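To start, the structure itself, in structure tokens.
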Number of protein chains: 2
Amino acid sequence: MTAPKSYRAPVLADVATAANVSVPTVSRVLNGTKYVAPELKQRVHEAIAALGYRPNGAARSLRSTQRTLVSVLAGGTANYGYAQTIQGIEIAARQAGMAVSITVVESASDEHVKRAVDLTLSQPTAGVIVLEFDRAGLRASRSLPEGLPMVVVGGGSRRVGPVAAALIDERAAGRRATEYLLDLGHRTVHHVAGPTEGKHSGRTEGWRAALKAADAAVPQVMNAEWDARSGYRWGERIAERRDVTAVFCGNDEIALGIMRALTDHGLDVPRDVSVIGFDDQPLVSLWRPALTTVDQDFEDLGSRAFGLLLRQTEGETNLPASVVTPELVIRESTAPPPH
Amino acid sequence: MTAPKSYRAPVLADVATAANVSVPTVSRVLNGTKYVAPELKQRVHEAIAALGYRPNGAARSLRSTQRTLVSVLAGGTANYGYAQTIQGIEIAARQAGMAVSITVVESASDEHVKRAVDLTLSQPTAGVIVLEFDRAGLRASRSLPEGLPMVVVGGGSRRVGPVAAALIDERAAGRRATEYLLDLGHRTVHHVAGPTEGKHSGRTEGWRAALKAADAAVPQVMNAEWDARSGYRWGERIAERRDVTAVFCGNDEIALGIMRALTDHGLDVPRDVSVIGFDDQPLVSLWRPALTTVDQDFEDLGSRAFGLLLRQTEGETNLPASVVTPELVIRESTAPPPH
DNA sequence: CTGAAAGCGCTTACAG
DNA sequence: CTGAAAGCGCTTACAG
């Protein structure tokens, strides 16, 4: 319960004094940038340990171009895909000895975008990774100044414009999932998407492409929020119809909500209705029935994004987009249609 | 495909030149720290907009004590509790106009702890919030220098030592959950905890206290990992025993794994065995049966932690710990024991 | 009220 | 190989 002593962190000059060397010499042993006599080196290390010295990052990044902070700009942090991607970035950054800062873009409004971008750029950042998972992220990536190392992360199959991109090919995955259902014998596949923000997602595009290629009817898209509750509500409506035998969902949570609604209304999944999700969240394999879904490797996505950023900070330009096609994981929630 | 122009961000001096005022004047209008003539102010704002100027945070924090970065030190980022807490911190920080940086402590080893702490402290941070959800976090909080604003976040019921703390009273919650099962008529309650790292968690302590208070037998603790797969394995063992009628689990994922194993082995939850989880993750209310669990408000926890940190940076000391007791949410996975 | 000067803690030429 | 000096982009006394 003593009053805390006011904290004056030791600075490089303190170390120099204690080790009886000059300030630049301490800097040199710290950065290993030039040869320093072993004896001095030794004294410096002892002084650092004795004083508990830690370099001041602000000062360091003011003078040098070397940065230890990479910034992430995202529409959120806690949803499955966001959290996993951020984790992937963090792990890769850690291996490179860098910390990661996160700034959430609250909405796609001009004010929120500007505020988030300003906050990010006022940190001494090596570059920024933008999660283009929603409109807020999309807007943010367009507000970044040219010349700053940056990479966008999203669900496309090719980058647009010259900016570096780490992508998951949602379109191919959506198509694959829909084709699987068609191959099982379903005449068509219904689709409950997430909120449509301006344009359809790759998942939705892939679904439509598969139906068209198979000459199947293209039912109207049902738009839900990304959560299970919203899926449940669509599930109740679907339970009342007799024409729906297969549903491809925008994500796993919607799929789980739909399955629960269907079974609550006396239908059997997959005997009466087949359901496919998107993401392969950890718990969905435990569900009854275990969910057939698309495995998105977000952690790998984040890791690839960081790799691209690092190469940019090292001066590489015009990097090819890094794109991966996710796998369909077949489990228990899909079957041939009822006779 | 033009080669990117090398990026030289405009600095304060550029704004001063463009607005035809002195450098300190620009600083003043930026920070609103002193009266500036409306006309000059106007010119400065125009110059800022024209040049797209953004203050350099490194330089700013070098000279002033004002910081726009708050650091989080944690053993992970993607698990439910971690992600939610970080989100709570982020939302509160955003409202205060601050960005958040995250550094993961890879393990409790000296090397990993030191590396994470060094990386954090080399950023221009206003203070650090440490997630004491695991041993890595616990070790990290002890390695931070005195005098630095810091708050620990964890599952205790009181802080230890003088450091500020935002807590969730797991002990009270564990006790409440166990008592509920006892009140339902179970003779005792079994417990599948997470990994025990040195000492038992508050949940386990609360469970034990409830049993002792009720004079019930205290079965041996079963230790699982935090994931559902590990819970499933314990569920298989439990299914073979006939003496287990109620299980209190360290988290929801373990509970879900156990439930699935139990039903896979022909048992009915809750008729044969009651199961209680811990966390109240979003999906568990959709499960069949919907999981009875403890609702931990991690987002609120993060928000409280940030509040405490802010007060410290404003000079307050000796802040009381902020502790909240989570609620038991009763759903479908619990019932009286079989006759 | 506004400007010229000093200085925050480092790194990077520049001398020796 | 090592040290004295300059400078990164700001903010904060200090003059006027």
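These figures come from a predicted structure and were not determined experimentally. Here is the naming used below: chain letters follow the sequence lines, and residue numbers restart at 1 for every chain. All values below were derived from every heavy atom in this structure, side-chain atoms included, with hydrogens, water molecules and symmetry-related copies excluded.
What separates CG of Leu62(A) from P of dT11(C) is a distance of 11 Å, to the nearest Å. Rounding to whole angstrom units, CG of residue Leu51(A) and C1' of dG9(C) are separated by 15 Å. Distance Lys34(B) NZ to dA15(D) P: 13 Å, rounded to the nearest Å. In this structure, CG of Asn56(A) is placed 18 Å from P of dG7(C), rounded to the nearest angstrom. Separating the CG atom of Asn31(B) from the P atom of dC1(C) is a distance of 17 Å, rounded to the nearest angstrom. Taking atom CG of residue Leu12(A) and atom P of nucleotide dT2(D), one finds them 16 Å apart after rounding to whole Å. Note: CZ (Arg60(B)) to P (dC8(D)) measures 19 Å, nearest angstrom. Counting to the nearest Å, the P atom of dA6(D) and the CZ atom of Arg63(A) are 13 Å from each other.
The pair Asp110(A)-Lys114(A) fails the salt-bridge criterion, with no side-chain N (NZ, NE, NH1 or NH2) lying under 4.0 Å from an Asp/Glu carboxylate O.
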side-chain hydrogen bond (donor to acceptor under 3.5 Å, both in side chains) for Thr103(A) and Thr120(A)? Distances and angles first, verdict last. CA-CA 7 Å; Thr103(A) 308; Thr120(A) 297; 3.1 Å; yes
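Within a 6.0 Å radius of CD in Glu39(A), no more than 12 heavy atoms belonging to other residues, nucleotides or ligands are found.
Heavy-atom nearest nucleotides on DNA chain D were determined for Ala59(A) and for Thr25(A), and the one closer to the 5' end corresponds to Thr25(A).
The closest side-chain donor-acceptor pair between Ser101(B) and Gln123(B), if any, does not fall under 3.5 angstrom.
Among dC10(C), dA5(D), dC10(D), the nucleotide with an atom closest to any side-chain atom of Val11(A) is dC10(C).
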